[in-house]
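Lettering of chains follows the sequences in order, A, B, ..., and the numbering in each one begins at 1. As the structure is a computational prediction, the values presented were derived from the model and not from experiment.
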Amino acid sequence: MSEADTPNGEGARDFIREIIRADLREGRHSTVVTRFPPEPNGYLHIGHAKSICLNFGVAEEFGGRCHLRFDDTNPSREEQEYIDSIMDDVRWLGFDWGTHLYYASDYFEQLYLWAEHLILAGKAYVDDLSADEIRGHRGTLTEAGRNSPYRDRSVEENLDLFRRMRAGEFPDGARVLRAKIDMASGNINLRDPVLYRILRATHPRTGDAWCIYPTYDFAHGQSDAIEGITHSLCTLEFEDHRPLYDWFIDNLPVPSKPRQIEFSRLNLTHMLVSKRRLIQLVRDGHVRGWDDPRMSTLSGFRRRGIPPAAIRDFVRRVGLTKSENVIEMALLEHCAREVMNKTAARRMAVLNPLKVVIENYPEGQTEELDAVNNPEDPAAGSRKVPFGREIFIERDDFMEEPPKKFFRLAPGAEVRLRYAYFVTCTGVVKDAAGRVTELRCTYDPATRGGDSPDGRKVKGTIHWVSAQHAPVAEVRIYDHLFREPDPGARGDFVDDINPQSLTILTDSRIEPALADALPGEAVQFERQGYFCLDRDSAPGKPVFNRTVALRDTWAKIQAKDGKG
RNA sequence: UGGGGCGUAGCCAAGCGGUAAGGCAACGGGUUCUGGCCCCGUGAUCCCAGGUUCGAAUCCUGGCGCCCCAGCCA
């Protein structure tokens with residue numbers, strides 16, 4: 001569940017919670033009811049997580065409830081697949097709507113009746129203008145619009161026409177129902193907004209029962225009112241829809257009076273959080289699907305291995321305001337590491353293997369060494385790791401001509417093999433091309449377990465894996481999908497795609513205990529990062545995703561030195 | 001003289017007239033069988049200009065900058 005500090009809303013103190021607190025204190029409401037209202041036309045992304053955590057979080061903190069309501073008023077782009085994925089994602093994030101699952105389509109009949117109510121009150125009319133003509137009459141941002149020639153039809157004619165629209169007597173787009181408000185309003189949303197359009201498309205829920213569908217504006221607020229939503233929280237771009245939202249609430253016999261409050265959406269550097277562009281990435285094959293680990297979708301984060309608790313904490317930390325913002329990816333990564341540091345089991349895996357032969361280690365001998373599972377969690381216990389004469393170490397952990405502060409293996413240098421022995425490099429074997437293919441070392445039997453009885457210090461500790469006991473694994477290393485912090489800022493966002501966002505390692509070697517890794521479970525490959533088993537794994541063919549690398553100050557030092 | 005918002009450190013964000021919280025990042029240092037974790041230390045006068053006040057990031061006035069709106073999308 002969420003990280004709410006208290007059950008009485010005394011935790012977070014953002015402006016929305018302050019408003020709610022005041023509403024409760026001053027008796028405007030006795031309970032809090034919110035809703036998360038996704039349109040099922042795409043997958044949920046990290047931006048939605050903010051809304052989900054807010055709506056469900058607030059409800060929980062104030063002892064109220066939060067509804068999951070699908071805003072399914074446009075069957076031309078909505079699908080059951082999306083409905084299913086959205087429910088999965090909300091649950092995965094850690095929230096529960098209980099029995100409060102609703103669909104705007106559940107209210108189609110009521111909404112229709114309210115439309116007739118407006119017609120009867122002379123506040124809505126059927127317009128025969130085409131979409132283009134309506135646009136032409138709408139005016140511009142600085143000029144008032146003009147009334148439609150059909151604006152003054154009689155109540156009887158409007159009622160008749162609207163009923164015939166519902167009955168299917170007119171083709172798609174032939175007529176619409178419009179509210180009669182003010183074509184000269186500075187707020188374009190009030191220039192006689194469209195309430196109903198004729199649209200023949202099979203709806204995921206209502207099938208072909210309807211051929212007219214309400215617009216967002218006509219459906220949202222009334223749906224809120226029907227459900228008794230007290231605080232309807234949405235993003236900033238709906239701010240100027242609020243007068244219209246209120247107009248419907250004030251002009252219709254709705255059962256309750258919800259209040260819309262807007263907040264700024266969440267944006268992340270190096271990522272896109274726009275359904276339209278996410279769809280494009282999938283459709284054009286720039287990624288491997290909606291749940292590609294490089295995607296900003298919740299399913300992508302899940303497959304990547306980001307724990308839901310990290311996302312909840314992240315959302316809590318970015319705050320809630322009305323200011324435009326772009327959060328650095330580094331914060332999300334920090335949150336992910338913080339959660340996994342405390343929970344992930346430590347294992348050894350060699351991503352880019354370099355063979356090492358320990359010359360003075362008895363041929364054919366094997367032994368089991370104790371390794372701590374998680375230094376941050378004593379209860380996690382320890383495991384046995386096999387050791388032998390031939391091992392693999394990370395290629396990057398050896399340098400023939402090391403720079404000054406390189407605390408790893410180099411000719412003549414001694415390092416500790418984590419949980420095993422101190423070894424000293426005595427020889428380098430190369431192939432015809434001069435590439436290092438193997439290292440020869442000697443070990444000190446007295447340092448078994450990694451401690452030196454003589455108190456001798458060693459500069460570095462590196463990870464390793466016994467050649468004889470290490471299964472091969474595929475490891476997928478992810479980097480930002482976009483190389484620019486603000487993709488698309490200077491042109492087509494596709495041009496900003498990072499060509500190195502995915503590196504596939506096919507010859508990594510893992511310690512035996514990793515063969516038991518569970519899908520979705522975070523594990524730390526020591527000194528490298530957090531990983532999780534990917535669903536592409538097959539028996540005997542494990543595939544790991546790198547969720548996030550460990551902080552790497554050595555890499556930072558090198559980068560700095562490199563720049564001179 | 002269209003309407004609606006926003007403007008506090010590189011990125012977020014507290015602050016609600018009494019003399020600038022916190023987090024991330026960055027940079028120093030300590031510790032360490034993960035160059036991880038952890039620990040210590042380093043940064044702003046608050047978009048600008050006037051004004052009110054003993055005192056303003058907080059109030060007033062005028063500017064400037066940025067974002068959203070002209071779907072029968074949500």
The salt bridge (Lys or Arg N to Asp or Glu O under 4.0 Å) partners of A:R395 (sequence neighbours excluded) come to none
_Distance below 4.0 Å between A:R197 side-chain N/O and B:rC73 OP1 or OP2_ = yes
Per the glycosidic torsion and the 90° limit around 0, nucleotide B:rG71 is syn
A:R17 atom CZ is separated from B:rA14 atom P, nearest whole Å, by 12 Å
Practice prompt. Using a heavy-atom cut-off of under 4.0 Å over every strand shown, decide if A:R418 touches base, sugar-phosphate, or nothing.
Written response: base
When rounded to whole Å, the CG to P distance for the pair A:L195 and B:rC73 reads 13 Å
Residue set satisfying salt bridge (Lys or Arg N to Asp or Glu O under 4.0 Å) with A:R277, at least two apart, ordered chain then number -> none
Say we look at B:rC66 and B:rU32: how far apart would their C1' atoms be, to the nearest angstrom? 47 Å
Check your understanding: So what does A:V194 touch, heavy atoms closer than 4.0 Å: a base, only the sugar-phosphate, or nothing?
Key -> sugar-phosphate
All heavy atoms of A:M340 vs all of A:A522, minimum pair found to be SD-CB, 3.6 Å
Between A:L351 and A:Q528, the two heavy atoms sitting closest are CD2-OE1, 3.2 Å
Using a heavy-atom cut-off of under 4.0 Å over every strand shown, decide if A:N41 touches base, sugar-phosphate, or nothing.
nothing
Practice item. Look at all strands and tell whether A:S130 reaches a base, only sugar-phosphate, or nothing, counting heavy atoms closer than 4.0 Å. Key: base
Distance, P atom - from B:rA56 to B:rU1, rounded to whole angstrom: 34 Å
**OP:** Could you measure between the two C1' atoms, the one in B:rU8 and the one in B:rU34, and give it in whole Å?
**Re:** 39 Å
Just to be sure I understand the rule, does A:E39 reach a base, reach only the sugar-phosphate, or reach nothing, if contact means heavy atoms closer than 4.0 Å?
sugar-phosphate
- Task: Provide the distance between the two P atoms, one in B:rG15 and one in B:rA21, to the nearest whole Å.
- Result: 13 Å
Note to self: Whether A:R138 contacts B:rC72 is assessed here as follows: a side-chain N or O lying under 4.0 Å from the phosphate OP1 or OP2. Is that the case?
What the structure shows: yes
Say we look at B:rG41 and B:rU53: how far apart would their C1' atoms be, to the nearest angstrom?
39 Å
Assign A:F238 to base, sugar-phosphate, or nothing according to its heavy-atom contacts below 4.0 angstrom with the strands shown. base
By ring-ring contact (aromatic ring centres under 6.0 Å, His included), A:F162 pairs with (sequence neighbours left out) A:Y112, A:Y196
Item to complete: Could you give the distance separating B:rG7 and B:rA26 at their P atoms, to the nearest angstrom?
Response: 27 Å
Here the distance between atom P of B:rG22 and atom CG of A:D313, to the nearest Å, is 18 Å
Next item on the list: Check whether any side-chain nitrogen or oxygen of A:K50 sits under 4.0 Å from OP1 or OP2 of B:rC12, and answer yes or no.
Entry: no
Its contact letters, B for base, S for sugar-phosphate only and - for none at protein heavy atoms under 4.0 Å, make nucleotides 35-46 of chain B read BBB---------
Using a cutoff of under 3.5 Å, can you pull out all pairs of nitrogen or oxygen atoms linking the protein to nucleotides 29-32 of chain B, with atom names and distances?
none

In whole angstroms, the gap separating C1' of B:rC72 from CG of A:D192 amounts to 14 Å
NA contact type, A:R77, heavy-atom cut-off 4.0 Å: base, sugar-phosphate, or nothing? base
For the residue pair A:Y216 and A:F238, is the inter-centroid distance of their aromatic rings smaller than 6.0 Å? yes
In whole angstroms, the gap separating P of B:rC12 from CG of A:L331 amounts to 11 Å
Rounded to whole Å, NE2 of A:H270 lies from P of B:rC11 at a distance of 13 Å
* To do: Mark yes or no for a side-chain to base donor-acceptor pair under 3.5 Å between A:H241 and B:rA74, with no hydrogen or angle criteria applied.
  => yes
Can you give me the N/O atom pairs linking the protein to nucleotides 2-8 of chain B at distances under 3.5 Å, or say none if there are none?
from	atom 1	to	atom 2	distance (Å)
B:rG2	N9	A:L141	O	2.8
B:rG2	N2	A:G186	O	3.1
B:rG2	N3	A:L141	O	2.8
B:rG3	O4'	A:G186	O	3.4
B:rG3	N2	A:D240	OD1	3.4

Closest non-hydrogen atoms of A:E18 and A:R13, given as atom of the first, atom of the second and distance, are OE2-NE, 3.2 Å
Item to complete: Ignoring backbone atoms, establish whether A:R135 has a side-chain N or O less than 4.0 Å from OP1 or OP2 of B:rG71.
Response: yes
Mate of B:rC72 across any strand shown (Watson-Crick or G-U wobble, both atom pairs under 3.5 Å) is none
Residues 547-554 of chain A, side-chain donor-acceptor partners within the protein, below 3.5 Å, at least two apart:
from	atom 1	to	atom 2	distance (Å)
A:T547	OG1	A:R304	O	2.7
A:D552	OD1	A:W554	N	3.2
A:D552	OD1	A:A555	N	3.0

Sorted by chain and number, sequence neighbours left out, salt bridge (Lys or Arg N to Asp or Glu O under 4.0 Å) with A:R490 holds for A:E484
Taken to the nearest whole Å, CD/A:E333 to P/B:rA25 is 9 Å
In whole angstroms, the gap separating P of B:rG71 from CZ of A:F218 amounts to 21 Å
If pairing means Watson-Crick or G-U wobble with both distances under 3.5 Å, then the partner of B:rC54 is B:rG18
Applied to residues 338-354 of chain A, the salt bridge (charged side-chain N to carboxylate O under 4.0 Å, His left out) test, sequence neighbours excluded, yields A:R317-A:E338
d(A:I306 CD1, A:L332 CG) to nearest 0.5 Å is 6.0 Å
- Sugar-phosphate, base or nothing in reach of A:S264, heavy atoms under 4.0 Å: nothing
When both distances are under 3.5 Å in a Watson-Crick or G-U wobble arrangement, the nucleotide paired with B:rC66 is B:rG5
Can you tell whether the side chains of A:E39 and A:R77 come within less than 4.0 Å, N to carboxylate O? yes
When the P atoms of B:rA13 and B:rC72 are compared, how many Å lie between them, rounded to an integer?
33 Å
Residue set satisfying ring-ring contact (aromatic ring centres under 6.0 Å, His included) with A:H270, at least two apart, ordered chain then number -> A:H480
Residues at least two apart in sequence or cross-chain that pass side-chain hydrogen bond (donor to acceptor under 3.5 Å, both in side chains) with A:D224, listed by chain then number, are A:R69, A:S232, A:Y245
Just checking A:Y419: base, sugar-phosphate only, or nothing, at a heavy-atom cut-off of under 4.0 Å?
base
Touch class at under 4.0 angstrom, heavy-atom based, for A:I462 against every strand present: nothing
- [ ] Would you mind classifying the nucleic acid contact of A:I212 as base, sugar-phosphate or nothing, using non-hydrogen atoms under 4.0 angstrom?
- [x] nothing
*Centroid separation A:F263 to A:F15 less than 6.0 Å*: no
### Query
Which part of the nucleic acid does A:A131 contact within heavy-atom distance under 4.0 Å: base, sugar-phosphate only, or nothing?
base
| query | If the C1' atom of B:rG30 is compared with that of B:rC64, how far apart are they to the nearest Å? | reply | 48 Å
For B:rC27, the nucleotide meeting Watson-Crick or G-U wobble distances (both under 3.5 Å) is B:rG41
For A:E26, the salt bridge (Lys or Arg N to Asp or Glu O under 4.0 Å) test, sequence neighbours excluded, returns A:R28
